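Every chain is numbered from 1, with letters handed out A, B, ... down the list of sequences. If you're wondering where the values come from, they're calculated on a predicted model, not measured in any experiment.
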2 protein chains.
Amino acid sequence: MSDVAEGAEQHILTLRATPRRRWATRDKILLEASRLFATHGFRGATTRQIAERVGIQQPSLFKHFPSKSSMLAELAVYDMDVPAHHAETAAATSGSAVDRFAGYVAWDLEWYRTMPFDLRCVTEQVVRSERLVEARAAVKRWNAAIGLILRQGVASGEVSESAVAFVPAVLETLSWHMVYTKDASEQTVDDAVRFLLAAALEPRQDLRH
Amino acid sequence: MSDVAEGAEQHILTLRATPRRRWATRDKILLEASRLFATHGFRGATTRQIAERVGIQQPSLFKHFPSKSSMLAELAVYDMDVPAHHAETAAATSGSAVDRFAGYVAWDLEWYRTMPFDLRCVTEQVVRSERLVEARAAVKRWNAAIGLILRQGVASGEVSESAVAFVPAVLETLSWHMVYTKDASEQTVDDAVRFLLAAALEPRQDLRH
DNA sequence: CCTACCGATCGGTAGG
DNA sequence: CCTACCGATCGGTAGG
């Protein structure tokens, strides 16, 4: 589990450090596929469109990937595996639940803010399609870890009970906000963390003002 | 503008009051199309699947709708036109911005909680595709109205400035939460309203505890 | 609302 | 990585 996450993290960190012009064809395919999936949905994006943007002929895609679905599967692992690993670490650490939650949220939003791929819709596809088992398992682990931290916060009286149901979906929304807001900065991330904490915390626990 | 909204509202209110068994074929088509669009995306859902669920042959769909896109277009208007109308009314009313915002949010979440159609993905399709001009216009009106109320709240010192950017997307998320959470109750709506207000309000203005 | 059917486009293969 | 191409499936039409 951890190895998979670290492998994916290593790869994506390498991608981030590499200027886009020098990306290999395989990674260019993933980038353009993610953008077209985000714009037109998985079925709406065609392999011919992907190939055109990469600058190769459509059948050449299948020298790099066995199928269109396998592109989605690889993107889905990128999307969910590393966050799941971080969330599990935050859930397993000792200390204040709210501090660990705030720390995770800050990492998560920064992760999406600097993500090279546009993975909107990939998450949705993961939830829908019964295939993509690896990515679906990562989503489960992520939800379990976030749920655990939040319930720890409820137990210690810091997190409001009714907020637990809304926080995961809202966190996901804020993550995508960081992706598609072009001028999102580290300040934007800070604001979003405070926004989510204000919603999740019991009012009397919010001593920031 | 108002006539369109009221027409759509009338129609959808009629649908709500009618037991599902008695729905006419045309409305059954819209219902099943919305569910399949939500599950497989617009392109992923096929007209043959829709027809099968309705219990008719695929070509018969086109006796009720000129095209598959026209089903999406009609659903998109249902999705956005009525909320846009309500948001504009809330924005144009006098009184406390926060009270009007809270009132709108409560109405919005209850609207989605009791919605007969599953319109997830329809909103996304509206944002993507350059057609669906009517629905796109409604989205614009909705965003403008919500933005106006929020800026009024910022001006009166009630709403936190950094929250303005996040509230529309988060409200949308909470709306969908009401759709796909099967056991969402009026209590769930109340909790979500409080959750969103806690995030959006300047801390000192939250006098609820 | 049905049967019969069509042109277009899809993901993917063969062979080099 | 290219050209040539294929079977399957798509949205939609014709005619009754």
Side-chain angles (χ1 to χ4, degrees), chain A residues 20-77 121-122 124-126 128-133 135, chain B residues 20-77 121-122 124-126 128-133 135:
Chain A
R20 286 189 178 173
R21 291 290 166 117
R22 294 202 175 192
W23 280 15
T25 300
R26 193 189 145 84
D27 292 326
K28 255 190 222 162
I29 292 171
L30 281 180
L31 177 67
E32 297 301 342
S34 73
R35 291 177 174 169
L36 284 163
F37 292 164
T39 316
H40 301 102
F42 176 67
R43 292 284 294 262
T46 72
T47 51
R48 281 163 179 84
Q49 289 176 309
I50 298 170
E52 190 185 19
R53 292 211 188 174
V54 175
I56 58 177
Q57 294 299 314
Q58 179 255 357
S60 302
L61 292 174
F62 300 98
K63 298 293 169 184
H64 298 275
F65 295 91
S67 67
K68 184 187 175 187
S69 320
S70 69
M71 301 175 197
L72 179 67
E74 189 158 329
L75 288 168
V77 172
C121 271
V122 170
E124 297 155 28
Q125 284 291 345
V126 169
R128 286 176 203 156
S129 99
E130 292 87 30
R131 304 160 215 174
L132 301 175
V133 281
Chain B
R20 286 189 180 174
R21 292 289 167 120
R22 295 203 174 191
W23 280 14
T25 300
R26 192 190 146 83
D27 292 326
K28 256 190 219 159
I29 292 171
L30 281 181
L31 177 67
E32 297 302 341
S34 73
R35 291 178 173 168
L36 285 163
F37 292 165
T39 315
H40 302 102
F42 176 68
R43 291 285 293 263
T46 71
T47 52
R48 281 163 179 85
Q49 289 175 310
I50 298 170
E52 189 185 19
R53 292 211 188 174
V54 174
I56 58 177
Q57 294 299 313
Q58 179 255 356
S60 302
L61 293 174
F62 300 98
K63 299 293 169 184
H64 298 275
F65 295 89
S67 66
K68 184 187 177 189
S69 320
S70 69
M71 302 175 197
L72 179 67
E74 190 158 330
L75 289 167
V77 172
C121 270
V122 170
E124 298 155 26
Q125 285 291 344
V126 169
R128 285 176 203 155
S129 98
E130 292 87 29
R131 307 159 211 174
L132 300 175
V133 282

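- The nearest pair of heavy atoms linking Phe65(B) to Ile29(B) is CE1-CG2, 3.6 Å.
- Close to dG11(C), at under 4.0 Å from its OP1 or OP2, lies a side-chain N or O of Lys68(A).
- With rounding to whole Å, Arg26(B) atom CZ is found 16 Å from dC1(C) atom C1'.
- In this structure, the CD1 atom of Ile56(A) is 15 Å from the C1' atom of dG11(C), given to the nearest Å.
- In this structure, His64(A) and Phe62(B) both approach DNA chain D, and ranking their closest nucleotides by distance from the 5' end singles out His64(A).
- Taking a pair to require two hydrogen-bonding distances under 3.5 Å in either a Watson-Crick or a G-U wobble arrangement, dG15(D) pairs with dC2(C).
- Residue Ser60(A) places at least one side-chain N or O closer than 4.0 Å to OP1 or OP2 of dC2(D).
- For the pair Lys28(B) (side chain) and Gly55(B) (backbone), a donor-acceptor distance under 3.5 Å is absent.
- Across all their heavy atoms, Ser67(A) and Phe62(A) have their closest contact at CA-CE2, 3.9 Å.
- Checking the phosphate oxygens (OP1, OP2) of dG12(D), no side-chain nitrogen or oxygen of Thr47(B) falls inside 4.0 Å.
- Atom NE2 in His40(A) sits roughly 17 Å away from atom C1' in dC10(D) (whole-Å rounding).
- Between Arg35(A) and Arg53(A) there is a side-chain heavy-atom pair separated by less than 4.5 Å.
- Residue Glu52(A) contributes atom CD, which lies 14 Å from atom P of dT9(C) at whole-angstrom precision.
- Applying the 4.0 Å criterion to OP1 and OP2 of dT3(C), one finds that Gln57(B) has a side-chain N or O inside that range.
- Rounded to a whole Å, the CD atom of Gln49(B) is 15 Å from the C1' atom of dA8(D).
- Here dG11(C) is the nucleotide among dG11(C), dC5(C), dT3(D) with the atom lying nearest to any side-chain atom of Arg48(A).
- Going from atom CD of Gln58(A) over to atom P of dC2(D) covers 11 Å, rounded to whole Å.
- Atoms CD1 (Ile50(A)) and P (dG12(C)) sit 10 Å apart, rounded to a whole Å.
- Note on Ala51(A): nothing from the nucleic acid sits closer than 4.0 angstrom, heavy atoms only.
- The residue among Lys63(A) and Thr46(A) whose nearest nucleotide of DNA chain C is located toward the 5' end is Thr46(A).
- Remark: C1' of dG12(C) and CZ of Arg43(A) are 14 Å apart, rounded to the nearest angstrom.
- For the side chain to side chain contact (heavy atoms under 4.5 Å, CB included) with Leu61(B), the lone residue among Lys68(B), Arg26(B), Met71(B), Arg48(B) that qualifies is Met71(B).
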